[in-house]
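The chains referred to below are lettered A, B, ... by the order of the sequence lines, with proteins before strands, and numbering in each begins at 1. Hydrogens, waters and symmetry mates play no part in the numbers below; they use all other heavy atoms, side chains included.
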2 protein chains.
Amino acid sequence: MAARKIAKKRSAVGPVGNEGPKGSVRMQEIAERSGVTAMTVSRALRTPNKVSPETLDRIRKAIDELGFVPNFVAGSLSSRQSRMVAVSVPSLANSVFSDFIEEMSTTLMDKGYTTIVGCSSYDHKYEEEILSEFLGWRPAGVILTGTSHTERTKEMCRRSGVPIIETWCKTNKPLDIVIGFSNQRAAYEMTRSLIDWGYRKIGFGYVASENNDRSMERRRGWKKALTEAGYECQDSRTRGGSFAIREGAMILDKLLKEHPDTDAIVFGSDTLAVGALMEAQRRGLRVPEDIAITGFGDVEMASETVPALTTVRTPRRELGRVCAEVLLRKIAGTYDGPRVIDRGFEIVRRQSA
Amino acid sequence: MAARKIAKKRSAVGPVGNEGPKGSVRMQEIAERSGVTAMTVSRALRTPNKVSPETLDRIRKAIDELGFVPNFVAGSLSSRQSRMVAVSVPSLANSVFSDFIEEMSTTLMDKGYTTIVGCSSYDHKYEEEILSEFLGWRPAGVILTGTSHTERTKEMCRRSGVPIIETWCKTNKPLDIVIGFSNQRAAYEMTRSLIDWGYRKIGFGYVASENNDRSMERRRGWKKALTEAGYECQDSRTRGGSFAIREGAMILDKLLKEHPDTDAIVFGSDTLAVGALMEAQRRGLRVPEDIAITGFGDVEMASETVPALTTVRTPRRELGRVCAEVLLRKIAGTYDGPRVIDRGFEIVRRQSA
DNA sequence: CTGAAAGCGCTTACAG
DNA sequence: CTGAAAGCGCTTACAG
């Protein structure tokens with residue numbers, strides 16, 4: 001405010017170089033120092049081939065000397081497009097999502113885009129708040145986990161007019177574009193595989209949350225496989241939003257107590273499965289001889305446990321990259337691919353089943 | 001552009017309500033609909049007590065009906081302060097940092113701040129690029145992992161004039177403020193504890209990277225404890241930036257090959273320790289009878305392995321919260337605490353040593 | 001309690 | 001290849 005006004009006066013009067021601690025350098029300063037106008041500095045940054053080589057040199061030198069960092073806030077307001085992408089995931093503590101985010105944000109940064117990330121804690125209402133906050137930054141695109149959202153979330157997405165990608169799921173009626181895989185199909189095939197391998201009393205372990213459509217889809221897949229084969233369905237769950245390892249142990253305990261003849265458990269996540277694996281070891285249960293255990297995700301840990309975990313590999317890094325790439329093309333207006341993109345999954349058989 | 005101009009004309013001519021898909025609602029529209037000027041709408045949002053209750057009601061109603069989302073980009077440019085905080089961590093895949101980030105970003109969002117996160121992949125040069133990118137958004141504050149950075153990174157921090165917090169370390173000469181704990185002291189005490197518990201040939205396992213000052217500090221602490229006690233120092237490492245579980249197994253292998261009489265290994269991270277634990281199990285080695293293993297971090301998994309992991313608990317969530325709180329006070333200009341904040345650590349003895 | 005004017009630092013859309 | 005003018009959607013600093 002006052003400081004800025006003084007700075008302006010200074011640059012109009014004498015040579016630059018004494019920018020105060022708070023007075024960050026503007027294009028104007030660069031322009032003066034290189035004997036052009038701000039317009040040409042702007043061009044040098046955005047379309048350098050439209051500026052003469054000598055001018056370019058001078059400008060670049062000035063930028064370097066003054067440590068000029070272009071103000072994206074001003075640029076975004078002016079051009080009505082911000083190179084920013086907003087993402088909401090249920091949790092970062094779950095490595096499945098942190099890997100996804102890491103890959104996505106790296107891909108986006110390579111193209112000059114900044115990623116803002118919010119954690120909804122598996123809560124649709126909180127996802128709505130995050131989105132509303134993020135939309136204030138007028139992002140160029142939005143990526144949401146799952147396909148179930150509050151009405152207001154959907155309404156805000158529509159009104160915003162920006163490209164939306166939903167991910168980690170598959171649906172036939174995405175808000176805009178969906179990139180993921182069928183959770184139901186994946187759990188179905190995992191369960192089918194167990195049946196093929198000779199298991200008969202197959203339980204399901206998960207954390208119940210009406211907000212987690214992925215989890216519920218997986219449960220549906222497990223149920224479908226058993227029903228088709230004419231087997232009983234017995235599941236066990238803990239309540240709450242977190243996917244603590246501990247919960248896996250509790251589920252194993254509960255399931256074996258209620259249905260002692262259970263010979264396999266399909267878990268809705270690797271974290272739960274690893275928890276169950278550890279609990280089995282503590283009890284002296286042999287896996288898979290006494291009880292088979294399968295996970296979902298194929299996190300790094302899955303191949304290292306003893307016994308190594310049989311699981312469903314989901315393409316989490318690939319999902320991050322593809323979401324970024326498709327979104328970028330949507331933003332550029334050059335996307336002409338399908339609205340539903342299925343990246344599949346893979347059953348990985350190791351030792352635990 | 002053209003669309004915007006048409007939209008303006010529209011709103012000047014007739015009643016509002018037909019905003020196009022791209023034409024997001026502005027304060028101007030809210031003002032017209034509630035019979036005031038944009039200035040009053042701005043007040044209603046920022047200092048509602050300075051607006052008459054009736055006016056406030058009308059404005060809020062209009063905001064709701066039109067689905068107005070204030071444009072932070074314009075607000076930031078105008079007020080010369082953005083409610084945005086930039087953070088750089090080495091990796092999100094490491095749960096130690098994702099927990100930290102989750103806590104920090106939640107704390108910041110509660111106060112109306114948005115967090116932008118970048119992953120440096122344990123690379124100082126890449127940290128510099130991320131920072132330079134982030135500074136373009138004119139964040140209100142910056143949080144950096146570690147205390148070792150490139151010269152240009154430090155220079156940019158100074159020039160930016162925004163509050164900087166370094167974390168996960170302790171140093172006497174922070175760029176601005178440092179909030180963390182002494183990695184050297186923590187590893188020293190872990191090693192001392194092992195000595196007290198009767199171990200004599202204590203190795204150190206870590207991933208070598210000159211960019212990771214935390215790791216090197218921990219190694220120094222281990223060495224110091226052994227040297228003071230007059231014992232030999234034998235370490236083993238793998239090269240590279242990642243903290244894969246696999247590396248822990250490789251380190252165990254190498255260390256036992258080169259120094260078969262090793263009776264304990266201090267690991268620089270829980271991930272490595274868990275990898276070693278699994279490898280020991282695969283080889284039929286008893287932990288801690290044949291070999292003791294300790295970790296660093298106390299991640300969720302640490303208490304669930306069999307045997308449960310003895311480790312150093314670092315206050316990662318607390319660090320996230322405190323970084324956010326201190327930064328917020330620095331931004332507000334009300335911080336008068338120390339420049340060096342030590343949040344300590346804790347040796348957690350379980351079964352693996 | 002409310003408003004008119006000016007400005008934040010860029011980019012767009014011309015013009016030359 | 002370069003520049004002058006206008007404007008992006010808000011907030012600041014008055015004034016009433």
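Summary of the strand contacts: B/G35 and A/S76 both lie near DNA chain C, and taking for each the nucleotide with the nearest heavy atom, the more 5' one is attributed to B/G35.
Going from atom CG of B/N71 over to atom P of C/dC10 covers 17 Å, rounded to whole Å. Rounded to whole Å, the distance from CG on A/L56 to P on D/dT2 is 9 Å. Between the CD1 atom of B/I30 and the C1' atom of D/dC10 there is a distance of 13 Å, rounded to whole Å. Protein atom CZ of B/F72 is 13 Å distant from nucleotide atom C1' of D/dG9, rounded to whole Å. Rounded to an integer number of Å, the gap from A/L135 CG to D/dG9 C1' is 16 Å. To the nearest angstrom, C1' of D/dC1 lies 12 Å from CZ of A/R58. Between A/E29 atom CD and C/dC10 atom P there is a gap of 9 Å when expressed in whole angstrom units. Put simply, CE on B/M39 is 16 Å from P on C/dA6, counting in whole angstrom units.
Side-chain N/O atoms of B/S78 include none lying less than 4.0 angstrom from OP1 or OP2 on C/dC8. B/T40 has a side-chain polar atom (N or O) that falls below the 4.0 Å cut-off from OP1 or OP2 of C/dG3. Note on B/T55: a side-chain N or O is less than 4.0 Å away from OP1 or OP2 of C/dT2. OP1 or OP2 of C/dC10 has not a single side-chain nitrogen or oxygen of A/R46 nearer than 4.0 Å. Taking side-chain N and O atoms only, B/R80 has no distance below 4.0 Å to OP1 or OP2 of C/dC8. Distances shorter than 4.0 Å separate some side-chain N or O of A/S52 from OP1 or OP2 on D/dT2.
Between A/H149 and A/H124, the ring planes lie tilted relative to each other; the angle falls in the 30° to 60° range. Taking the six-membered ring for Trp and thresholds of 30 and 60 degrees, A/W168 and A/F100 have ring planes more than 60 degrees apart, a perpendicular arrangement.
The listed nucleotides are C/dA4, D/dC8, C/dT2; the one nearest the side chain of B/T37 is C/dA4.
Within 4.0 Å of B/V36, counting heavy atoms only, lie sugar-phosphate atoms of the nucleic acid but no base atom. A/M27 comes within 4.0 angstrom of sugar-phosphate atoms only, judged by non-hydrogen atoms across all strands, and of no base.
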ask   = How far apart are the C-alpha atoms of A/E325 and A/R321, what are their side-chain angles, what is the distance that settles it, and do they pass the salt bridge (charged side-chain N to carboxylate O under 4.0 Å, His left out) test?
value = CA-CA 6 Å; A/E325 288 169 353; A/R321 187 175 44 74; 3.4 Å; yes
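As the counterpart of D/dG16, C/dC1 is assigned, both hydrogen-bonding distances of the Watson-Crick or G-U wobble pattern falling under 3.5 Å.
At distances below 3.5 Å, not a single donor-acceptor pair connects side-chain atoms of A/S132 with backbone N or O atoms of A/E128. In this structure, the side chain of A/S78 does not engage the main chain of A/G75 through any donor-acceptor pair within 3.5 Å.
Applying the 3.5 Å distance criterion, the base of D/dG3 shares a donor-acceptor pair with the side chain of A/R43.
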